Amino acid sequence: MELRKIETSKETMTIVINGNLDAQGSRLAQTDIDSIISDPSHTEVELDFSKVSFLDSSGVGALVYLFKRLVERQRQMRIENVSGQPLQIINLLRIEQAIPVNSKNTH
């Protein structure tokens, strides 16, 4: 799994996640996640899930960890372009009640 940072605007940093957000992917992404949290240059962080085909409990944990740390710093996070199994997990766990989620199906 790989994370690619794209500065969408002065306020928004888009993180394109390429690969599965599972135990191994979450472990590999931890350094990137910590750097996103510690970099205050963007008030909004957008996670692009268009290239994520699998999400498990470790991935959910990583999302919640990132979300909580950003909120503590008065920053916002949203998840974009979710579909398939990751969307099913997000809906099942009602993650969208805490983290704004936009699925591919609504575009």
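Model, not experiment: these values are computed from the prediction. Residue numbers start at 1 and run along the sequence shown. Side-chain atoms are counted along with the backbone in the values below, which use heavy atoms only and exclude waters and symmetry mates.
Atom CD of Q88 is separated from atom OG of S103 by 12.0 Å, given to the nearest 0.5 angstrom. Once rounded to the nearest 0.5 Å, the distance linking CD1 of I36 with CG of L47 reads 7.0 Å. Taken from CG in L87 to CG in L92, the straight-line distance is 11.0 Å, to the nearest 0.5 Å. Rounded to the nearest 0.5 Å, atoms CD1 (I37) and CG (D32) are 11.0 Å apart. How far CG of D39 is from NE2 of H42: 7.0 Å, rounded to the nearest 0.5 Å. Between R4 atom CZ and D48 atom CG the span is 8.5 Å, to the nearest 0.5 Å.
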**OP:** Mind running side-chain contact (heavy atoms from CB on, under 4.5 Å) on V16 and L3 for me, showing each step along the way?
**Re:** CA-CA 6 Å; V16 178; L3 299 180; over 6 Å; no
**OP:** Using the side-chain contact (heavy atoms from CB on, under 4.5 Å) rule, take M1 and L21 through it: C-alpha gap first, then chi angles, then the decisive distance, then the call.
**Re:** CA-CA 7 Å; M1 193 204 55; L21 203 46; 3.6 Å; yes
**OP:** Applying side-chain contact (heavy atoms from CB on, under 4.5 Å), run through I79 and F67 and close with a yes or a no.
**Re:** CA-CA 10 Å; I79 302 171; F67 177 72; over 6 Å; no
Subject >> K5/S35 under side chain to side chain donor-acceptor pair (under 3.5 Å): CA gap, chis, key distance, verdict >> reply: CA-CA 11 Å; K5 299 177 191 177; S35 76; 2.9 Å; yes
Subject >> side chain to side chain donor-acceptor pair (under 3.5 Å) between E11 and T43, intermediate numbers included >> reply: CA-CA 5 Å; E11 298 83 30; T43 55; over 6 Å; no
Original post:
Which is it for V60 and I89 under the side-chain contact (heavy atoms from CB on, under 4.5 Å) test, yes or no, and what are the steps along the way?
Top reply: CA-CA 9 Å; V60 170; I89 296 296; 3.9 Å; yes
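Counting heavy atoms from C-beta on, the side chains of L63 and Y65 never come closer than 4.5 Å. Two residues are said to be in side-chain contact when any heavy atoms from C-beta on lie closer than 4.5 Å; D22 and L55 fail this criterion. Between E44 and M13, every side-chain heavy-atom pair lies at or beyond the 4.5 Å cut-off. Taking 4.5 Å as the limit, some side-chain heavy atom of M77 sits within range of a side-chain heavy atom of L66. Using a 4.5 Å heavy-atom threshold, the side chains of I15 and V45 count as touching.
When the options E46, Q76, R78, E80 are evaluated for a side-chain contact (heavy atoms from CB on, under 4.5 Å) with P100, the one that passes is R78.
Cluster annotation: L28 is not connected to F49 through the hydrophobic network of ILVMFWY side chains, with a link wherever side-chain heavy atoms come within less than 4.5 Å. Under the 4.5 Å side-chain heavy-atom criterion for grouping Ile, Leu, Val, Met, Phe, Trp and Tyr, L93 is connected to I17 within one hydrophobic cluster.
Between the R73 side chain and the R69 main chain, a donor and an acceptor come within less than 3.5 Å of each other.
Contact record, A62 with S26: CB-OG, 4.0 Å, taken as the closest heavy-atom pair. Here the closest non-hydrogen pair linking V52 and P86 is O-CG, 3.6 Å.
Within a 6.0 Å sphere centred on CD of Q24, heavy atoms belonging to other residues, nucleotides or ligands number 12 at most.
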